[in-house]
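The structure appears right after this line, and notes come after that.
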Amino acid sequence: MDLAYICEWEKWPKSTHCPSVPLACTWSCRNLIAFTTDLRSDDQDLTRVIHILDTEHPWDVHSICSGHSEAVTCLEWDQSGSRLLSADADGQIKCWSMADHLANSWESPVGSLVEGDPIVALSWLHNGVKLALHVEKSGASSFGEKFSRVKFSPSLTLFGGKPMEGWIAVTVSGLVTVSLLKPSGQVLTSTESLCRLRGRVALADIAFTGGGNIVVATADGSSASPVQFYKVCVSVVNEKCRIDTEILPSLFMRCTTDLNRRDRLPAITHLKFLARDMSEQVLLCASSQTSSVVECWSLRKEGLPVNNIFQQLSPAVGDKQPTILKWRILSATNDLDRVSAVALPKLPISLTNTDLKVASDTQFYPGLGLALAFHDGSVHIVHRLSLQTMAIFYSSAAPRSVDEPAIKRPRTTGPAVHFKAMQLSWTSLALVGIDNHGRLSMLRISPSMGHSLDAGLALRHLLFLLEYCMVTGYDWWDILLHVQPSMVQSLVEKLHEEYTRQKAELQQVLSTRILAMKASLCKLSPCAVTRVCEYHAKLFLIAASSTLKSLLRPHVLNTPDKSPGDRLTEVCAKITDVDIDKVMINLKTEEFVLDMNTLQALQQLLQWVGDFVLYLLASLPNQGSPLRPGHSFLRDGASLGVLRELMVVIRIWGLLKPSCLPVYTATSDTQDSMSLLFRLLTKLWICCRDEGPTSEPDEALVDECCLLPSQLLIPSLDWLPVSDGLVSRLQPKQPLRLHFGKPPALPGSATSLQLDGLIRAPGQPKMDHLRRLHLGAYPTEACKACTRCGCVTMLKSPNKTTAVKQWEQRWIKNCLCGGLWWRMPLSYP
């Protein structure tokens with residue numbers, strides 16, 4: 001466990017960011033972190049601010065003036081990581097969503113209010129999606145065996161079983177409030193008391209059961225009082241939200257039933273279910289001014305002994321013993337230093353005894369531990385059930401080697417720097433903490449948890465978590481923190497091997513995600529940086545090909561099952577003729593007829609296809625050069641086949657409207673550039689296509705490609721510039737010190753070699769990488785950039801034709817690589 005980076009606030013003359021009390025922090029599955037501070041001005045006015053940052057660019061923080069009049073008590077991301085709930089000490093709940101799908105532009109169109117009643121717990125309703133990880137089957141071939149869908153009912157369903165969206169909150173006075181978001185945008189809100197005898201609720205947590213019910217745990221803050229549990233059922237009756245509550249068994253903490261210790265730990269400071277969808281296990285922490293005890297409890301069914309008299313009266317009772325639900329303590333710690341924050345893992349590893357045995361057999365530790373932060377500045381990862389210490393981190397305030405025994409250190413005057421709020425990432429490989437000075441610290445949690453694992457096993461665990469992210473669609477930034485440059489090659493190969501073992505339909509669904517994953521892995525190794533550009537070019541080619549083919553329309557409506565795009569693929573694969581016109585003859589050209597304006601609007605896209613083919617063929621003679629991107633395409637039969645199909649489509653469209661054709665600068669006026677490139681491309685494709693035997697390109701083809709630069713001007717392709725993110729620049733044992741709002745002068749990353757066209761100096765012309773338009777050195781149009789690959793594109797479309805809209809719809813929510821969009825500030829000379 002070591003520190004990756006620390007980000008702190010700049011000192012401003014008129015106002016300062018100070019940590020809010022209480023401090024809320026939450027981490028989304030897209031690796032966005034939201035946390036709160038109070039902005040204090042000279043007049044002592046407080047503004048409640050919610051900050052949202054991407055873990056790859058933590059200095060680029062987006063601050064929202066929340067509009068909350070009191071302190072923000074809860075923050076909660078939804079399952080998709082695109083909406084955020086915030087609740088305050090005045091009973092106001094706001095639902096924030098991204099405006100224009102930008103991660104630094106937020107609006108709050110809806111919310112709810114329980115006036116004057118502070119919110120102590122908040123959660124989105126469960127959507128019924130629950131996966132289980134089967135670590136013991138990590139060697140299985142199918143993803144379906146490694147990650148299975150668990151039968152789990154949503155909290156509330158619409159017609160047809162679709163989960164209904166909404167949230168549930170618990171207030172200090174013992175009320176539970178539920179708000180439902182109807183598809184029309186209307187909000188249905190209902191409030192109900194948890195039980196008839198309402199009491200103060202200082203702490204609460206919310207969990208969900210497989211049957212669609214909600215369980216709420218509450219405590220009044222005193223360790224002498226019981227921890228109460230309630231079942232909450234939500235339904236919609238006559239267009240109104242209805243809440244039914246039922247009391248469940250309660251418990252007293254073990255440390256308070258001991259007469260000697262009862263007065264030593266007067267307060268319950270933390271109350272958490274071990275997971276949102278695990279209402280049978282709960283974690284409790286009782287504290288005094290200087291120490292804490294943590295206990296883990298489990299709800300079990302136990303047989304109720306029946307008196308012999310009743311067994312004789314009713315024989316049916318004797319056959320089947322009645323059962324009762326009872327809380328039983330699983331484990332408890334000895335006296336610890338005072339706990340300041342708790343973070344629970346989100347990896348869905350079920351915690352039965354057999355699973356724990358499997359985890360110890362396979363040595364798979366992520367997701368088994370929860371994090372406890374202490375007032376002395378240390379963080380312990382302890383086992384979720386046994387509460388035994390698995391790993392320890394000491395902050396710079398109290399540096400100490402991990403091997404040193406955990407003896408009590410003499411207290412220093414004043415409180416040490418310690419975490420007030422913590423969150424574990426979605427794969428439990430990273431931990432974020434906000435300390436009492438408002439600084440944000442990012443910790444790496446080693447997958448081995450300090451145990452010595454052999455390299456092959458560590459690699460397999462990282463691969464298993466990458467596959468989990470591929471299946472769920474979660475962002476995998478936190479896994480990259482643990483990938484060494486030497487691992488990249490084998491991880492990419494093994495990932496591809498596992499992917500090819502899946503069914504064809506699943507491969508098609510995951511085809512773009514695996515390319516984005518390979519690209520992000522290759523960024524970490526200086527040897528593989530050109531392959532990053534190739535994977536992005538492949539993503540672009542897949543998107544362009546499916547968009548252009550989708551524009552083809554069958555001539556008559558009652559056509560057989562094959563679409564024009566499928567027929568085009570079939571004809572091009574069957575006819576291996578090097579003459580483009582002979583291939584065209586076999587196609588029904590009436591299917592390719594499009595509106596003239598549409599064809600003209602697609603010119604930039606068609607130009608890229610033409611330029612890319614020319615660039616690839618011109619780089620064939622020196623294909624051994626690792627510094628030139630495009631090398632892997634020369635042996636990729638599938639991609640060359642797609643380019644060949646697109647060349648045929650472009651040729652037919654060129655007959656309809658010559659101005660949409662790619663423009664080449666040729667040395668001869670009479671030369672037919674398209675047919676020359678198609679002939680060479682077909683020869684290269686025949687060498688490495690999937691059906692026939694693969695062979696090396698013959699001498700004649702290489703000679704012809706050598707002559708290309710003397711016949712046509714070879715374009716310089718605008719590859720994606722190397723991203724300015726953090727993950728490729730983080731060094732082990734050397735944490736970076738960053739400042740919010742101030743881009744760092746980072747040490748040169750391993751990937752920033754001076755490669756052909758990969759580095760852009762400030763002031764060089766920028767490209768719209770998705771529309772293939774030049775934006776100039778200082779774009780006047782508002783642009784957005786991808787938080788992962790650095791791809792730049794304009795916010796508003798300069799073209800209104802349907803075909804261009806269809807192309808732009810592909811990346812309106814996310815970049816082609818799956819990263820989130822971030823609005824770029826306008827730059828000036």
Side-chain angles (χ1 to χ4, degrees), residues 529-541 544-545 572 576 578-580 583 603-651 654 661-689 694-721 753-759 765 767 769 772 774:
V529 66
T530 52
R531 286 170 58 195
V532 179
C533 304
E534 288 168 8
Y535 289 129
H536 283 302
K538 201 163 183 181
L539 279 171
F540 191 84
L541 178 62
S545 159
C572 288
T576 57
V578 294
D579 187 348
I580 193 167
V583 178
Q603 202 276 331
Q604 308 291 344
L605 217 49
L606 307 184
Q607 180 73 46
W608 179 83
V609 173
D611 284 351
F612 192 59
V613 170
L614 175 54
Y615 172 85
L616 286 182
L617 291 169
S619 62
L620 178 64
N622 60 354
Q623 60 177 308
S625 165
L627 290 183
R628 280 177 71 85
H631 170 61
S632 65
F633 277 95
L634 301 172
R635 310 302 300 150
D636 182 359
S639 297
L640 293 175
V642 170
L643 284 167
R644 194 167 167 267
E645 292 161 27
L646 294 181
M647 291 292 276
V648 174
V649 174
I650 293 169
R651 178 71 161 198
L661 285 171
V663 178
Y664 296 109
T665 310
T667 49
S668 160
D669 293 341
T670 55
Q671 181 177 283
D672 185 350
S673 305
M674 285 286 285
S675 54
L676 168 69
L677 292 177
F678 185 82
R679 182 162 57 81
L680 298 177
L681 182 63
T682 303
K683 284 183 181 176
L684 181 58
W685 169 68
I686 288 169
C687 293
C688 54
R689 67 194 179 127
T694 56
S695 60
E696 286 298 315
D698 59 357
E699 291 293 323
L701 173 59
V702 174
D703 289 347
E704 282 192 83
C705 290
C706 282
L707 292 173
L708 267 180
S710 61
Q711 296 165 308
L712 294 167
L713 181 69
I714 309 299
S716 63
L717 280 190
D718 278 284
W719 302 101
L720 267 183
L753 303 168
Q754 288 293 338
L755 301 174
D756 296 359
L758 296 192
I759 302 298
M767 269 294 287
H769 294 106
R772 311 312 302 179
H774 290 274

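When reading the values below, keep in mind they use all heavy atoms of this one structure, side chains included, and skip hydrogens, waters and symmetry mates.
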(message) Any carboxylate oxygen within less than 4.0 angstrom of a Lys/Arg side-chain nitrogen, looking at D672 and R679?
(response) no

(message) Do F633 and L541 have side chains that approach each other closer than 4.5 Å (heavy atoms only, starting at C-beta)?
(response) yes

(request) Determine whether I580 and L677 make a side-chain contact, defined as any pair of heavy atoms from C-beta on separated by less than 4.5 Å. (result) no

(request) Taking the six-membered ring for Trp and the single ring otherwise, decide whether the centroids of Y615 and W719 are under 6.0 Å apart. (result) yes

(message) Between K538 and D636, is the side chain to side chain contact (heavy atoms under 4.5 Å, CB included) condition met? List the steps.
(response) CA-CA 10 Å; K538 201 163 183 181; D636 182 359; 2.9 Å; yes

(message) Checking side-chain contact (heavy atoms from CB on, under 4.5 Å) between L616 and each of L684, D611, L643, L717, which is the one that passes?
(response) L643

(message) Looking at R772 and D718, is any side-chain nitrogen of the basic one under 4.0 Å from a carboxylate oxygen of the acidic one?
(response) no

(message) Rounded to the nearest 0.5 Å, what separates atom OG in S619 from atom CD1 in I714?
(response) 9.0 Å

(message) For a side chain to side chain contact (heavy atoms under 4.5 Å, CB included) check, start with the C-alpha distance between V648 and F678, then their side-chain angles and the critical distance, and finish with the verdict.
(response) CA-CA 8 Å; V648 174; F678 185 82; 3.6 Å; yes

(message) Just verifying a value: how many Å separate L539 CG and H536 NE2, rounded to the nearest 0.5 Å?
(response) 7.0 Å

(request) Would you indicate whether the side-chain heavy atoms of H631 and T530 approach each other to under 4.5 Å? (result) no

(message) Donor-acceptor check, side chain of Y664 to backbone of M674, threshold 3.5 angstrom: yes or no?
(response) no

(request) Please tell me if the side chains of Q607 and L661 come closer than 4.5 Å, counting only heavy atoms from C-beta onward. (result) no

(request) Show the numbers, then the answer: is there a side chain to side chain contact (heavy atoms under 4.5 Å, CB included) between Q603 and V663? (result) CA-CA 9 Å; Q603 202 276 331; V663 178; 4.2 Å; yes

(message) For S632 and R531, which I'm curious about, is there any donor-acceptor pair between the side chains at under 3.5 Å?
(response) no

(request) Mind checking the CE-CG spacing from M647 to L681? Nearest 0.5 Å is all I need. (result) 6.5 Å

(request) Flag the pair T665 / L712 as yes when at least one side-chain heavy-atom distance between them is below 4.5 Å, and no otherwise. (result) no

(message) Does any part of the side chain of P662, heavy atoms only, come nearer than 4.5 Å to the side chain of V609, both counted from C-beta?
(response) no

(message) Could you tell me if the side chain of V583 sits less than 4.5 Å from the side chain of R644, heavy atoms only?
(response) yes

(request) Answer yes if the side chains of T667 and Q711 hold a donor-acceptor pair under 3.5 Å, and no otherwise. (result) no

(request) Start with the C-alpha gap between E704 and L617, add the side-chain angles, then the distance that decides, and say whether side chain to side chain contact (heavy atoms under 4.5 Å, CB included) holds. (result) CA-CA 9 Å; E704 282 192 83; L617 291 169; over 6 Å; no

(message) Any heavy-atom pair between the side chains of L640 and R635 that's under 4.5 Å?
(response) no

(request) Could you tell me whether a side-chain N or O of S710 sits under 3.5 Å from a main-chain N or O of L707, the two making a donor and an acceptor? (result) yes

(request) Kindly compute the distance separating CG (D698) from SG (C687), expressed to the nearest 0.5 Å. (result) 6.0 Å

(request) Rounded to the nearest 0.5 Å, what's the gap from CH2 on W608 to CG on L605? Could you check? (result) 8.5 Å

(message) Nearest 0.5 angstrom please: L680 CG to C705 SG, how far?
(response) 5.0 Å

(message) With a 3.5 Å distance limit and no angle check, can you tell me whether E534 reaches the backbone of G630 through a side-chain donor-acceptor pair?
(response) yes

(message) Could you report the tightest heavy-atom contact between A618 and L708, atom names first, then the distance?
(response) N-CD1, 4.0 Å

